[in-house]
Amino acid sequence: MALGKTSAQAPVTAPKRHGGRVGKVRFVVLGLLFAGITINYIDRATLSVALPHITDDLGLSDSVGGLLLSAFFWTYAFGQMPGGWLADKVGPRIMLAVASLWWGLATAAMGMARGVASLVGLRALLGLGEAPSFPSSAKVVSRWFPASERSFASATFNNGNAVGGALSIPLVTLVVTGLGWRWAFAIAGGLGVLWALGWWLYYRDPKEHRSLGAAEREYIESGQEKETAEEAAASARIGWRDLFRFRMIWAMMLGFFCVNFVAYFFITWFPTYLVDEYHLDALSFGFLGMIPGIASMLGGWSGGLFSDWLVRRGTERTKARKIPLVGGLLGTSVIALAVISPGVGTALTALSVSYFCSTFAAASVWALPADVAPTAAHVGSIAGIQNTAANIAGILSPLLLGVLKGITHSFMLPLTLAGCVALLGAATYAFLLPKVERLKMAG
């Protein structure tokens, strides 16, 4: 059998609104999903905030601290593909409930750790437990939202990472200061366990959800992809390994790698950059350091709304996704301009524009798995595959940028490299990504 072609997918019609009397249950589901990703990021960021206190208490070295921080990403990246595959097999209700229970318990258990081995082991378990969260979230969006709202919904759950990262700093600091670092892990982990229970009790697929009215159900279904029984049977024969024979999948992987390569600068080296280059005190850093993060939240929702607006006005799906992807990554490349900025104000402007544009593009990145999946049973797998590449970037980016900074004693080369990677991502989505439509077996 041959692979590698896309189906002659019929255009998705505009969803039926029944005179505007469409319910909002899908946004309740999205809000719960957003809360889950927010808690997900609070749990993974607890160690970063509490690490100085853990180091003092247990007598850890800086190298051990780095090992603890990196242990999460190795298992997190490894777990993306299995997590996405499982989300397709057992469904997002089971997968997200189990994943959140897992990561919540792993986080809470870190509060009882007594040494390096237990901390590293639990940190690795945390990464494995959180791995299915984004692929499963993409699957939820594919089931609950029409194509004309899918990019905004994807941006919303993806923005949980920015909100969780921002909230973790004051919340975890408050608990650590008042109760100690062990209680910080216990409380953060407890949030994950509580969310798992709430998700299990509330979430159902649209066809099974009791609160979903007929008008909203029809609205969702009328705006989703349709396929004939013959197409569904042919597409269903595409196995998980067969997905790697499509050019579309490799373009999605490389493109998302480039998006995350730049994004991880803000998660890892950005505080050091501000302090080293502009010698900010703690108060100034606390205020100025929030600006790119706020820009990233606005960028995610703006990118989602823009892409969905293009879909609703009848723009071809390929253009509706490629325009924000390519444009967003071109804008992301202005991170390189920070190296020639005369002061902290212009540098922050360049960095904020870059982070805004990065999440502007990421909204369509997370819409792609549902757009191109051969069947609904492939959405989680494709999301997990592209997120594996993104998290390989999460491992390599801070390492490579750190090595370059160490060699040159400057951020000039690291930021220039990040800008070039963004341009590579723009070229990938512009020229390597084929027509955005359902993947199909050929022959």
Side-chain angles (χ1 to χ4, degrees), residues 12 15 22-38 40 80 83-84 86-88 90-97 99-100 132-163 195 199 202-209 212 216-217 219-225 252 256 300-312 317 320-321 324-325 359-387 390 436 438:
V12 179
V22 177
K24 303 296 183 183
V25 176
R26 66 194 184 282
F27 292 108
V28 177
V29 172
L30 181 60
L32 189 58
L33 201 61
F34 169 78
I37 297 297
T38 299
N40 176 300
Q80 292 298 317
L86 283 171
D88 284 331
V90 304
R93 181 183 180 228
I94 294 175
M95 195 69 256
L96 277 172
S100 183
S133 55
F134 275 83
S136 298
S137 297
K139 193 167 185 70
V140 171
V141 167
S142 75
R143 291 184 175 182
W144 271 92
F145 286 86
S148 60
E149 296 178 350
R150 195 174 288 156
S151 193
F152 171 78
S154 299
T156 298
F157 80 71
N158 188 51
N159 265 353
N161 68 60
V163 175
W195 187 88
W199 178 260
Y202 183 80
Y203 181 82
R204 299 292 187 279
D205 287 338
K207 293 182 179 180
E208 303 170 351
H209 205 289
L212 185 64
E216 187 173 8
R217 181 178 289 109
Y219 173 78
I220 293 169
E221 293 176 352
S222 66
Q224 294 182 332
E225 293 81 355
M252 289 169 63
F256 203 8
W301 278 310
S302 298
L305 288 170
F306 178 67
S307 181
D308 288 342
W309 174 76
L310 290 175
V311 173
R312 284 194 297 273
R317 186 81 61 86
R321 300 306 186 212
L325 285 168
T359 53
F360 187 93
S364 292
V365 167
W366 281 111
L368 285 176
D371 288 340
V372 307
T375 69
H378 292 88
V379 176
S381 297
I382 293 175
I385 289 170
Q386 73 165 2
N387 209 28
V436 177
R438 193 169 58 246

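Index from 1, following the sequence. Just so it is clear, the structure is predicted and the values come from calculations on it, not from any experiment.
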Notebook entry, point to check: What pairs with R93 under side-chain hydrogen bond (donor to acceptor under 3.5 Å, both in side chains), at least two apart in sequence or on another chain?
Noted result: none

Note to self: I'd like to know if the side chain of S307 and the backbone of G303 have a donor-acceptor N/O pair within less than 3.5 Å.
What the structure shows: no

Note to self: Within the structure provided, determine whether R321 and V311 are in side-chain contact (heavy-atom separation under 4.5 Å).
What the structure shows: yes

Next item on the list: Please list, chain by chain and in numerical order, all residues satisfying side-chain hydrogen bond (donor to acceptor under 3.5 Å, both in side chains) with S302, sequence neighbours excluded.
Entry: none

Item checked: Pairwise side-chain contact, F152 with E149, heavy-atom cut-off 4.5 Å (strictly under) -> no

Notebook entry, point to check: Closest heavy-atom contact between N158 and A362?
Noted result: ND2-CB, 3.8 Å

Notebook entry, point to check: If you take all heavy atoms of R312 and L305, which pair is closest and at what distance?
Noted result: NH2-O, 4.4 Å

Notebook entry, point to check: Do any pairs count as a salt bridge (charged side-chain N to carboxylate O under 4.0 Å, His left out) and have a residue in residues 374-386, sequence neighbours left out, and if so which ones?
Noted result: none

Item checked: Residues forming a side-chain hydrogen bond (donor to acceptor under 3.5 Å, both in side chains) with Q80, sequence neighbours excluded -> N387

Check: With sequence neighbours left out, what residues match S137 under side-chain hydrogen bond (donor to acceptor under 3.5 Å, both in side chains)?
Finding: none

Item checked: All ring-ring contact (aromatic ring centres under 6.0 Å, His included) counterparts of W366, not counting sequence neighbours -> F134, F157, F256

Item checked: Within the 6.0 Å centroid threshold, strictly below: Y203 and H209 -> no

